[in-house]
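Only heavy atoms go into these numbers, but all of them, side chains included; no hydrogens, no water, no symmetry mates. Order of the sequence lines fixes the chain letters, A, B, ..., with proteins taken first and strands second; residue numbering starts at 1 for each chain.
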Amino acid sequence: MKLISTFFAAAIVVATLSSCEKEPTSTDGDFQIEMEYVWAMSGAPFTMNTMLHHPMTGDSLKFTTFKHYLSNVKLHHVDGTVWEAEESYHLVDLSDPNSLVLDFTGVPAGEYTSLEITFGVDSLRNVSGVQTGALDPANNMFWSWNSGYIMIKAEGESPNSPTGAFAYHLGGFTGPDATVLTKELTFPSGELLEITPDGAPVVHTLANPAKLFHTQGTVGNEPMVHAPGTTAGIMASDFNQGVYIDHVHL
Amino acid sequence: MFSLNTVRLAAILFAASSLFSCTAEWGSNKSWSKGLKPTHFPGSSYAFDPDTLDKSTVELGRALFYDNILSSDSSISCGTCHSQTHAFAGHGTALSAGVDGRLGTRNTPGLSNLAWHESYMLDGGINHLELVPIAPITSKVEMNLPLSEALMRLNTSSYRDRFKKVFGADTINTKLLMKVLTAFELTLVSADAKYDAVLLGEATFTVEEALGEELFMARCASCHVPPLFSEYTYANNGLELYSTDGGRARITLNATDSGSFKIPSLRNAELTYPYMHDGSLYTLDAVLEHYSTGIKDSPNLDPRIEGPMEFTSQEKSALIAFIKTLTDHSLLTNPNLGEP
């Protein structure tokens, strides 16, 4: 018992020390990620509540809901160290412009080679009970009957669906059909991201909801997905793989 | 889920805290006064953490468990379908009615010894006890209340002050709501049946009960493992040749799990009728008849019940006599677990 107490006390001291190290200093800087969405090859902005043509499947699609999770944002420093954002869970909702800009503070000044993002919610938070903030189950991005987050929710209307509607609730955090992808995004032309105490660069990422159907094809194939499985795995992977950094505003 | 050390530490802390807590506060219930973690039970998946099980937290959970505020039309509570007099199973109906009389698809299971489960619901789809209440509260055929609405109701009711007193928080969020419900559910410990008294050397079985126990240990205990009478794993018990309810397979997406459901504990089985995931068997006799002659040769049939059991009527009576020793009257009557 005494040994355990000592261990716990030591752990607390260590945790306190390491959190002290993360205190912002004058050499820390900020940056933002601004999520932008385009539709298909055209490069035109993706618009909600508008009938869009999918050049590959021929479908007409009107999105009324598009939300997805990002988590565990990290920056890889040129010296090989990694900065991790604390409690980094973000629900991006295309109906809420404020949710498209993610703010990060307290990053040590320096040059960074890449931005790491986990698309979806890491498996640990899917098995750790009720969470708060972006991960609050009250956000309707959590399955009550099969514990786990809906990583991507896309709903809308399409004349190509037998029901006239589509609803893709893509989730699943383990196994071959997992819908979570951790990706290290590099900056265009091999540039470095420079964090300084004065500036606040904005990293513009581009995502393309049309890619959901890249492998899956027409919504007519399976207009409703409400559980983990092969379809969810494929659709989420196609969308997540397609996200890249378009440019950085200093 | 928790490291052994964490569980041990929590057990020690809990034991220490029980020394200072006043037994009378909890009434004279024997089960509670012995501490929530029975000495003759194996280690639990959830620690009986004294902070989690703080009396005011548990009391808030109990109030909400029995409050209709958590159903869309304020007609039912958790306790409507999880009845204390039936060991927190349904009121003898195959399927329970939610709001507007909407029927669910599976029999309401009894609630007890939840800290020993590793996953919840008959298909094991829920991976954490704290997440369990979200399913019945939000299900269209149960309480039909979106979480955002539940929180809005609670935050505009007297619960807001009650939560503030306990947690110091200005608003009730999902985490706090589920924390209190979980705390109450963890107190639904059933370990005070005649069986337990016999195990602890405080009582003896009748001749028939002893015969029943012997049969049970030989023929039933590989699935219904004492002392919890289940290890809460999943099995296909041959109820149907091809199951109309995928059961565990809905969660694992593995076809060989089709028709598999959580093996229920037999504690308080005398009162949790009807039986099976669909509530299709109404009596213990019918259940034993199923295992005697009624097992369907499902491709996913659990190998432990491949041989027919062919119980004689005398054996059935003895088994039922033994199963009745698992009825825990303190769970059924403890006022701390009833409607406040």
Is [X] close to chain A through its backbone or its side chain, or both, or neither, when contacts mean heavy atoms under 4.5 Å?
X: B:T174; result: both
X: B:M178; result: side chain
X: B:L129; result: neither

[X] versus chain B, the contacting section by heavy-atom distance below 4.5 Å:
X: A:N146; value: both
X: A:S128; value: backbone
X: A:N139; value: neither

| task | Go through B:D123, B:I126, B:I134 and name the one with the most non-hydrogen pairs under 4.5 angstrom from chain A. | result |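 Maximum pair count with chain A is reached by B:I126.
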
| task | Identify the two heavy atoms, one from A:A138 and one from B:S148, that lie closest to each other, and give their separation to 0.1 Å. | result |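 In this case the closest contact between A:A138 and B:S148 is CB-N, 4.3 Å.
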
Crowding at [atom1], [X] (>12 non-hydrogen neighbours, <6.0 Å):
X: A:K183; atom1: NZ; result: yes
X: B:E231; atom1: CD; result: no
X: A:H214; atom1: NE2; result: no

| field | Separation of B:L131 CG from A:W143 CH2 (nearest 0.5 Å) | value |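 Answer rounded to 0.5 Å: 14.0 Å.
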
| Between B:N127 and A:N126, is there a donor-acceptor pair closer than 3.5 Å when you use the side chain of the first and the backbone of the second? |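 Present.
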
| query | Is B:K175 reaching over with its side chain to a backbone N or O of A:V130, donor-acceptor style, under 3.5 angstrom? | reply |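 Side chain of B:K175 to backbone of A:V130: a pair is present.
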
| task | Just give me the residue among A:S144, A:A227, A:G229, A:S147 that pairs up with chain B most often, heavy atom to heavy atom, under 4.5 Å. | result |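 That would be A:S147.
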
